[in-house]
Amino acid sequence: MNERFKVYPKAFLSGLLLWCLLPIHSQAEVGLNIQLVSEVTAITPGKSFRVGLFLQHEKGWHTYYQQPGIVGVPTSIVWSLPEGFKAGPLEYPEPEVTHMFQIKAQGYERDVLLQTTLQAPENLKVGQRITLLAKATWMCCGKTCHPGSKQLSLQLPVLAHSAVDAEWHPLFEKERAAFVRTSDAWQASAKEKDLNVTLTLTPIEPAARGFDRNEPSPEVNFFTEDGWINSDQPQITTVQADGSLTLTLTRAEFFMGKHIPKKLFGIVQRKGGWLKNGSLRSLKISPTLIR
């Protein structure tokens, strides 16, 4: 048995998971500062624009990715927009490995911007000032964990033409560059047996940065996108002669989905990138599970 599960038995993990899923009550920020920001200086009638939740973590604290793993609660937002406005989904950049106590999870220790696209109606009048309202919820953990929520607001003028905000636009761009992506340079396959899943990543295009058996052990992390893989269990990597990589993963004991998935939904993060030019640090995969 894994040493961490000797320390945290099934009953403890069950209780911790249920505690993480309890309703979040309003609480002042602990361990972080959170604010609503805009990539543009004004709203243009009929045009879309991007806004975001900017989370600044104090040292030693973290929040969670949209799929936190076996513990944690993702940061989320509920909009209260003026009539005619529409909001897209909240978009998260690539996750990091974080720890709730000794349990490995998926989240952010760095300052992070979660962003979304808003669509403005065409009947806005130039000269108006629009107030955007939203309620953010999160869980912030350090040596203790603190669920919380906060009402946020952002006011922008309505103009015939808009410009990017010089302060915030670079951060929006930087975070978009850290979005996970698929790649035709790599092929993924996955096999399930008992509680183990074997994921194989094979380079199939010249642009792919293959693996070398003579190099040190590769720095690769798998992040589950649906919670089916246990985020806390060790991930065993094996480099093959053809430049491919095999990861042995463990299924989560507590899977919140109603059915066993037909595909392995995940992100595989690699130091130095998946392409020879050093780009694509986080590769999005969804191979069909072979049983």
Side-chain angles (χ1 to χ4, degrees), residues 24 26 28-29 32-57 63-68 73-96 107-108 110-140 148-184 225 267 275 277 279-284:
I24 296 177
S26 181
E29 298 106 307
L32 84 160
N33 178 63
I34 185 168
Q35 59 182 311
L36 193 60
V37 298
S38 173
E39 188 175 16
V40 296
T41 57
I43 299 171
T44 303
K47 301 293 184 180
S48 63
F49 60 103
R50 294 179 76 80
V51 296
L53 280 177
F54 183 48
L55 287 78
Q56 294 173 285
H57 300 92
T63 53
Y64 293 92
Y65 181 61
Q66 60 185 343
Q67 169 48 252
V73 174
T75 301
S76 63
I77 190 168
V78 176
W79 291 97
S80 298
L81 298 173
E83 185 177 355
F85 280 81
K86 296 179 181 179
L90 193 61
E91 300 171 26
Y92 299 70
E94 60 185 4
E96 303 171 350
Y108 306 100
R110 67 178 178 86
D111 295 344
V112 65
L113 177 73
L114 312 179
Q115 53 188 291
T116 191
T117 298
L118 299 184
Q119 176 67 45
E122 294 184 0
N123 61 353
L124 292 180
K125 294 181 179 179
V126 172
Q128 284 182 278
R129 291 193 68 84
I130 299 295
T131 299
L132 306 172
L133 299 174
K135 182 179 181 180
T137 58
W138 65 86
M139 176 180 282
C140 189
S149 65
K150 185 178 182 180
Q151 296 287 348
L152 301 169
S153 66
L154 177 66
Q155 194 174 80
L156 292 169
V158 178
L159 300 176
H161 302 283
S162 183
V164 296
D165 186 288
E167 178 184 1
W168 292 109
H169 172 64
L171 182 57
F172 277 84
E173 289 268 272
K174 179 181 177 181
E175 294 289 32
R176 282 195 289 270
F179 284 172
V180 302
R181 293 186 287 116
T182 59
S183 174
D184 293 333
E225 284 278 74
I267 300 163
L275 303 179
N277 63 8
S279 65
L280 188 56
R281 195 170 87 108
S282 295
L283 176 66
K284 187 180 182 68

Any side-chain heavy atom of [X] sitting closer than 4.5 Å to one from [Y]?
| X | Y | value |
| --- | --- | --- |
| Leu133 | Pro82 | no |
| Pro93 | Leu113 | no |
| Val164 | Phe172 | no |

Intermediate values then yes/no, side chain to side chain contact (heavy atoms under 4.5 Å, CB included), Lys284 and Glu225: CA-CA 9 Å; Lys284 187 180 182 68; Glu225 284 278 74; 3.0 Å; yes
Please check if atom CG in Asp184 has more than 12 non-hydrogen atoms from other residues, nucleotides or ligands closer than 6.0 Å. no
Within a 6.0 Å radius of atom CD on Glu122, are there more than 12 heavy atoms belonging to other residues, nucleotides or ligands?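 No.
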Do side-chain atoms of [X] reach the backbone of [Y] as a donor and acceptor pair under 3.5 angstrom?
| X | Y | result |
| --- | --- | --- |
| Asp111 | His57 | yes |
| Gln115 | Leu53 | no |
| Thr116 | Pro89 | yes |

For Glu175, is there an ion pair with Arg50 - N to carboxylate O distance below 4.0 angstrom?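 Judged by the 4.0 Å cut-off on N to carboxylate O distance, Arg50 and Glu175 do not form a salt bridge.
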Which atoms form the tightest heavy-atom contact between [X] and [Y], and what is the distance?
| X | Y | result |
| --- | --- | --- |
| Gln155 | Thr131 | NE2-OG1, 3.1 Å |
| Asp165 | Pro170 | O-CD, 4.2 Å |
| Gln35 | Trp168 | NE2-CH2, 4.0 Å |
| Trp138 | Glu29 | CZ2-CG, 3.8 Å |

Begin from the C-alpha positions of Tyr108 and Leu55 and carry the test side chain to side chain contact (heavy atoms under 4.5 Å, CB included) through to its verdict. CA-CA 9 Å; Tyr108 306 100; Leu55 287 78; over 6 Å; no
Spacing of [atom1] belonging to [X] relative to [atom2] belonging to [Y], to within rounding of 0.5 Å:
| X | Y | atom1 | atom2 | value |
| --- | --- | --- | --- | --- |
| Leu280 | Glu94 | CG | CD | 9.5 Å |
| Leu283 | Thr182 | CG | OG1 | 7.5 Å |
| Leu156 | Gln128 | CG | CD | 12.5 Å |
| Thr63 | Arg110 | OG1 | CZ | 9.5 Å |
| Leu114 | Gln66 | CG | CD | 9.5 Å |
| Lys125 | Ile130 | NZ | CD1 | 11.5 Å |

Ser149/Lys135 under side chain to side chain contact (heavy atoms under 4.5 Å, CB included): CA gap, chis, key distance, verdict: CA-CA 7 Å; Ser149 65; Lys135 182 179 181 180; 3.7 Å; yes
Take Leu171 and Phe54 through the side chain to side chain contact (heavy atoms under 4.5 Å, CB included) test and state the conclusion after the steps. CA-CA 10 Å; Leu171 182 57; Phe54 183 48; 3.5 Å; yes
Could you pull out all donor-acceptor pairs under 3.5 Å where a side-chain atom in residues 36-44 meets a protein atom, sequence neighbours excluded?
from: Ser38; atom 1: OG; to: Val40; atom 2: N; distance (Å): 3.1
from: Ser38; atom 1: OG; to: Val40; atom 2: O; distance (Å): 2.8
from: Glu39; atom 1: OE1; to: Arg176; atom 2: NH1; distance (Å): 3.2
from: Glu39; atom 1: OE2; to: His169; atom 2: ND1; distance (Å): 2.8
from: Glu39; atom 1: OE2; to: Arg176; atom 2: NH2; distance (Å): 2.6
from: Thr41; atom 1: OG1; to: Ala163; atom 2: O; distance (Å): 3.2

Residues which pass ring-ring contact (aromatic ring centres under 6.0 Å, His included) with Tyr65, listed by chain and number, not counting sequence neighbours: Tyr92
Going by the side-chain hydrogen bond (donor to acceptor under 3.5 Å, both in side chains) test, which pairs reach into residues 74-83, not counting sequence neighbours?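 Residue pairs with at least one partner in residues 74-83: Ser76-Thr137.
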